[in-house]
Amino acid sequence: MEMLRSIGDWLLSNELIAILLSLCLGHLIGNISFGKFTFGSTVGTLFVAMIIGQAGVFEISSTASMLFFTLCVFAIGYESGPAFVKGFRDAGIKVIILSLFFVAVGTGLSVGLCRTFGLDAGTSAGIFAGSLTQTAVIGTAGDAIAALGLDEATEAVLQSNVSIAYALTYFFGMAGIIVLIQRVEPVLLRVDLKKVTLEKAEAVGYVDEVKADGSIVEKQKETDVSFLCFGIIIGLIIGGFTMKMGYIPLTLGSGCGVLVLGMILGCVHEKHPKIGYIPAGARWFMIIYGLNLFIACTGLGAGKNFIVALKTMGLKIFLIGIIVSAGTHLLAMAFGRFVLKMDVPDVLGTQAGNGTIVAALNALIDRTGCSIFAVSYAPAYAIGNILLTVLGPIVVFLMAG
């Protein structure tokens, strides 16, 4: 026990090693096969990071972790941009309908279950935020609680319950849904995910930079770094714009802003090949390891909070969160595939986008080698980001009534 404590203290004072160790062991664990099933490097990295996070509070710079995140989403947008216009023209209205269905089901399940178990408004809002992985709800729900006119002590308890319930339900909301979307749903739908993805990519004119022998086609040797940084900067500026509806902030968010700019500049490069070239190998590294480094930082910071939340609120809240997360996504999958008759990549991309789970998008790309999922992910991300944030205060008012 003393040795484990010493190792934990050493990792706390060597955060860079803790991040890289999470990435190293997470990649190894994520690729262990259980029959035909693997968790994947992203879930593996999160799992290891949360274990290491039990050592204490890692104060990792949010700027550094966001840099990894923006590199990932820009590269995804850059790859999928040229196919976006045609793909969205064919399935755009269905993506919007499925997104509205997702939000409605997620809100209904959250409120219904929380009412059934007699939970307070703060805990209910935290479950809603964590299960559907919409962090911005913490802020809007907090503002709504402050507007209820409660005494200071009651308000403080409810505010605290939002954060604790969020921490407890967010883990499955992200890690569980990554596995669900990437591995379980293709089995339930009885499809070969890689095959249907490549068929979809071919149908919308997605072009991969790979030769027949599997080697990468290199147009230039170096990444256009100025082009890359310019796109991320503009995306962050656009994503940072916020409009207020009462006390509810409406914003695309930095992730969606960078993703959209990546798509636009990917289209620019397609029309003008000499401008803004990013080699396939560089894009692969940005997508896979940019995201996993971000996940490692997130897991290290959240690990301790998860155990504290589990002890504070117990297993019941964790299980309610699982039902809300899995139930919402499974019903959305069924509605999109069997009612709207959407292609499987569009359904899965929409689900990942509605939950603003870029890690799920990354897992799909990692498994299939194709970023076509971003065609439906981008508009769904914007809808989910805005509507779930707006609905946070409504959940508070419904549960407080």
Side-chain angles (χ1 to χ4, degrees), residues 96-170 172-174 241-253 256 305 309 312-314 316-329 331-332 353-357 380-401:
I96 294 171
I97 293 172
L98 180 56
S99 298
L100 295 175
F101 178 85
F102 179 98
V103 170
V105 170
T107 306
L109 277 177
S110 298
V111 173
L113 286 169
C114 290
R115 277 194 180 279
T116 299
F117 287 95
L119 302 180
D120 62 72
T123 302
S124 301
I127 290 173
F128 178 70
S131 302
L132 302 178
T133 57
Q134 183 50 256
T135 307
V137 169
I138 295 176
T140 58
D143 289 341
I145 289 171
L148 292 176
L150 304 170
D151 60 84
E152 275 189 32
T154 303
E155 181 181 324
V157 169
L158 293 181
Q159 295 279 14
S160 175
N161 286 351
V162 174
S163 300
I164 295 172
Y166 169 83
L168 191 53
T169 54
Y170 183 83
F172 183 86
M174 181 169 64
F241 277 121
T242 302
M243 294 186 297
K244 286 271 189 177
M245 187 175 75
Y247 54 79
I248 301 173
L250 300 180
T251 177
L252 282 178
C256 192
N305 291 336
T312 302
M313 288 193 165
K316 180 175 72 174
I317 304 303
F318 181 65
L319 293 176
I320 291 173
I322 290 177
I323 295 171
V324 173
S325 296
T328 301
H329 280 274
L331 288 171
N354 288 150
T356 62
I357 312 174
Y381 182 107
I383 294 170
N385 190 37
I386 292 172
L387 289 185
L388 291 174
T389 302
V390 169
L391 286 169
I394 294 176
V395 170
V396 170
F397 294 140
L398 287 173
M399 295 306 298

Original post:
Sequence neighbours excluded, which residues qualify as side chain to side chain contact (heavy atoms under 4.5 Å, CB included) partners of T169?
Top reply: I127, S131, I317
**OP:** Please confirm whether the backbone N or O of T389 pairs with a side-chain atom of T140, one donor and one acceptor, at under 3.5 Å?
**Re:** yes
Original post:
If every non-hydrogen atom of V390 is compared with every non-hydrogen atom of P393, which pair is closest and at what distance?
Top reply: O-CD, 3.1 Å
**OP:** Report the residues that fulfil side chain to side chain contact (heavy atoms under 4.5 Å, CB included) with I97, sequence neighbours left out, ordered by chain and then residue number.
**Re:** I93, F335, L340
Distance-only donor-acceptor pairs under 3.5 Å for side chains of residues 117-125, two or more places apart:
from, atom 1, to, atom 2, distance (Å)
D120, OD1, G122, N, 2.9
D120, OD1, T123, N, 2.8
D120, OD1, T123, OG1, 3.2
D120, OD2, T123, OG1, 3.1
D120, OD2, N161, ND2, 3.1
S124, OG, D120, O, 2.8

**OP:** Measure the spacing between CG of D143 and CD1 of I138 and express it to the nearest 0.5 Å.
**Re:** 12.0 Å
**OP:** Measure the CD1-CE distance between I394 and M399 for me, rounded to the nearest 0.5 Å.
**Re:** 14.5 Å
Subject >> Qualifying ring pair (Phe, Tyr, Trp, His ring centres under 6.0 Å) pairs with a residue from residues 122-156, counting only residues at least two apart or across chains >> reply: none
**OP:** Quick one: pull up CG in L109 and OG1 in T328 and give me the separation to the nearest 0.5 Å.
**Re:** 4.5 Å
Side-chain atoms of residues 144-151: list all donor-acceptor pairs with protein atoms under 3.5 Å, sequence neighbours left out, distances to 0.1 Å.
from, atom 1, to, atom 2, distance (Å)
D151, OD1, A153, N, 3.2
D151, OD1, T154, N, 2.9
D151, OD1, T154, OG1, 3.0
D151, OD2, T154, OG1, 2.9

Subject >> ring pair (Phe, Tyr, Trp, His ring centres under 6.0 Å) partners for F172, two or more places apart >> reply: none
Subject >> side-chain hydrogen bond (donor to acceptor under 3.5 Å, both in side chains) involving S99 - partner list, sequence neighbours excluded >> reply: N354
Subject >> Nearest non-hydrogen partners of M174 and I357, listed with the distance >> reply: CG-CG2, 4.0 Å
**OP:** Could you name each residue pair satisfying ring pair (Phe, Tyr, Trp, His ring centres under 6.0 Å) that touches residues 145-169, not counting sequence neighbours?
**Re:** Y166-Y170
Original post:
Less than 4.5 Å apart, any side-chain heavy atom of T107 and any of L387?
Top reply: no
**OP:** Specify the closest pair of heavy atoms between A332 and L98, including all atoms of both residues, with the distance to one decimal.
**Re:** O-CD1, 3.3 Å
Original post:
Taking only residues two or more places apart in sequence, or in another chain, which ones meet I164 in a side chain to side chain contact (heavy atoms under 4.5 Å, CB included)?
Top reply: S160, A309, T312, M313
